[in-house]
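Note that the structure is a prediction, hence the values are computed from the model and not measured.
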Amino acid sequence: MGIIKAFGTAVSSAAADQWKECFCCGSMEGGLLQTRGVRMESARSVNRGSGDVITDGSLIIVADGQCAIATESGAITGVYDRPGENIFSSKRSAGIFSKGGVGSLIGDIMSRAQFGGDIVPVTQRLYYINTLEIPGSPFEVNAPIPFRFRDPNTGLDMDGGVFCAGMYSYRIADPELFFKNLSGNANAYYSSSVTPQMDSELLSALQWALALLSEKGMRPSQLIGCTQELCDSLNLALKDSWSGQRGLAIASIALSSVDVVDINTMQLLQQSAALRPSHMGATED
């Protein structure tokens, strides 16, 4: 009796999963970086299949600024980053409306019967990743960052330091890497889970990035107007830990202030250096 019941349950559960489905994702606001895909249905729909089975040929709707990732038994099987309608494909969940569907249905029933009838021996899920720019992350340097001051007009070359503060934004540049190494199969993953770590790593990378800009001869007063160069330098400094490991990248950075450590001393040294050559310090009678 148990085997007959298992086959009966397997037939009904497999039949419920034959319908093609349509998945979408609403607006990803409030720092939401990842969420589960939502199956579109109405109260009159006859599609009452398993929430962890996506039928072959189903539609995946992807909006601008989103990327959908399909998983099967925990492994990534598809990345859908093209806005519009995308077709889901999987031999493990071929329905009667797919090619060879009848044979697939019989195989599905036999497979489910072996697990008691109502257990689906495969788990298929859909996750949406937010690929838009995530703004509004403030930072402030409380300890001076070493900065080499070089003045080509006076020949001044000295080591100093700067304080700076501002805002940065980031984006998920590689959704697959982000999913594998950071968010995992979370039903909802928010920016608040990662930004504290990112803030700390950004401050550490600033020292290397500013050193790179100072070696190029940039002055502290030029930093506020050269944010793209600073952004590129930071992405280079964070290449391994952010883009290489988590799929993240800085999209933009804006400095609200740049303060030089002991600027009065530096100005006096500039003045002394300017007057050092005899032809610059001489006056006409």
Side-chain angles (χ1 to χ4, degrees), residues 27-35 62-69 79 81 83 127-148 161-184 186 188-260:
S27 177
M28 302 179 75
E29 300 176 340
L32 183 62
L33 300 181
Q34 175 178 302
T35 186
V62 177
D64 286 320
Q66 295 177 349
C67 175
I69 291 181
V79 178
D81 56 3
Y127 299 88
Y128 279 83
I129 308 294
N130 187 352
T131 58
L132 291 173
E133 181 178 351
I134 310 299
S137 296
F139 69 90
E140 183 176 1
V141 176
N142 295 317
I145 295 178
F147 196 92
R148 184 180 180 186
V162 295
F163 294 97
C164 59
M167 301 277 288
Y168 76 94
S169 64
Y170 66 94
R171 63 185 182 88
I172 300 174
D174 189 329
E176 186 173 356
L177 203 58
F178 173 82
F179 182 86
K180 284 182 177 180
N181 295 333
L182 197 59
S183 62
Y189 191 91
Y190 290 88
S191 59
S192 57
S193 299
V194 67
T195 47
Q197 178 71 19
M198 294 174 64
D199 291 344
S200 298
E201 293 178 358
L202 178 82
L203 293 178
S204 298
L206 265 174
Q207 181 169 335
W208 188 91
L210 290 178
L212 182 63
L213 295 180
S214 69
E215 286 299 318
K216 294 180 179 180
M218 189 173 294
R219 300 184 184 184
S221 59
Q222 295 176 299
L223 290 176
I224 290 182
C226 298
T227 53
Q228 184 58 54
E229 288 83 352
L230 179 57
C231 183
D232 294 340
S233 298
L234 282 171
N235 276 320
L236 186 60
L238 296 166
K239 181 179 180 181
D240 293 334
S241 59
W242 282 27
S243 59
Q245 183 177 347
R246 303 168 188 153
L248 300 171
I250 295 179
S252 65
I253 187 167
L255 296 176
S256 58
S257 65
V258 176
D259 298 316
V260 178

Closest heavy-atom pair, Cys164 versus Leu206, reported as atoms and distance to 0.1 Å, is SG-CD1, 4.3 Å
CZ (Phe139) and OG (Ser256) are apart, to the nearest 0.5 Å, by 7.0 Å
In short, Asn130 meets Gly65 closest at the heavy-atom pair OD1-O, 3.5 Å
Using the side-chain contact (heavy atoms from CB on, under 4.5 Å) rule, take Leu33 and Val194 through it: C-alpha gap first, then chi angles, then the decisive distance, then the call.
CA-CA 10 Å; Leu33 300 181; Val194 67; 4.3 Å; yes
Test side chain to side chain contact (heavy atoms under 4.5 Å, CB included), reference Met167, set Pro138, Ser252, Pro135, Ser137, output is Pro138
For a 4.5 angstrom cut-off between non-hydrogen side-chain atoms, does Tyr168 reach Asp199?
yes
When every non-hydrogen atom of Gly30 is compared with those of Tyr190, the smallest separation belongs to O-CD2, 3.6 Å
- Quick one: sort the Phe179 and Tyr127 rings into parallel, tilted or perpendicular, breaks at 30° and 60°. tilted
message: Less than 4.5 Å apart, side chain to side chain, heavy atoms only: is that true for Ser233 and Leu213?
response: yes
Distance col, row Leu210:CG vs Leu230:CG, nearest 0.5 angstrom, shows 6.0 Å
| request: Please tell me if the side chains of Thr131 and Pro175 come closer than 4.5 Å, counting only heavy atoms from C-beta onward. | output: yes
CD of Gln34 to OH of Tyr128, rounded to nearest 0.5 Å, is 12.5 Å
Closest heavy-atom pair, Gly244 versus Leu177, reported as atoms and distance to 0.1 Å, is O-CD2, 3.4 Å
Hits for salt bridge (Lys or Arg N to Asp or Glu O under 4.0 Å) against Glu176, two or more places apart or cross-chain, chain-then-number order -> Lys180
d(Ile134 CD1, Ile250 CD1) to nearest 0.5 Å is 14.0 Å
For Pro144 and Phe163, the nearest pair of non-hydrogen atoms, with its separation, is N-CE2, 3.4 Å
task: State, with a plain yes or no, whether a side-chain heavy atom of Phe147 is found less than 4.5 Å away from one of Val258.
output: no
Taken to the nearest 0.5 Å, the spacing of Ser257 OG from Leu223 CG works out to 11.0 Å
Query - Val141/Leu203 under side-chain contact (heavy atoms from CB on, under 4.5 Å): CA gap, chis, key distance, verdict - result: CA-CA 7 Å; Val141 176; Leu203 293 178; 4.0 Å; yes
CG of Leu238 to CG of Leu248, rounded to nearest 0.5 Å, is 10.0 Å
Those residues at least two apart in sequence (or on a different chain) that pass side-chain contact (heavy atoms from CB on, under 4.5 Å) with Ala63 are Gln66
Heavy-atom closest pair (Ile253 atom, Leu234 atom, distance to 0.1 Å) is CD1-CD1, 3.5 Å
Arg246 meets the salt bridge (Lys or Arg N to Asp or Glu O under 4.0 Å) criterion, sequence neighbours left out, with Glu201
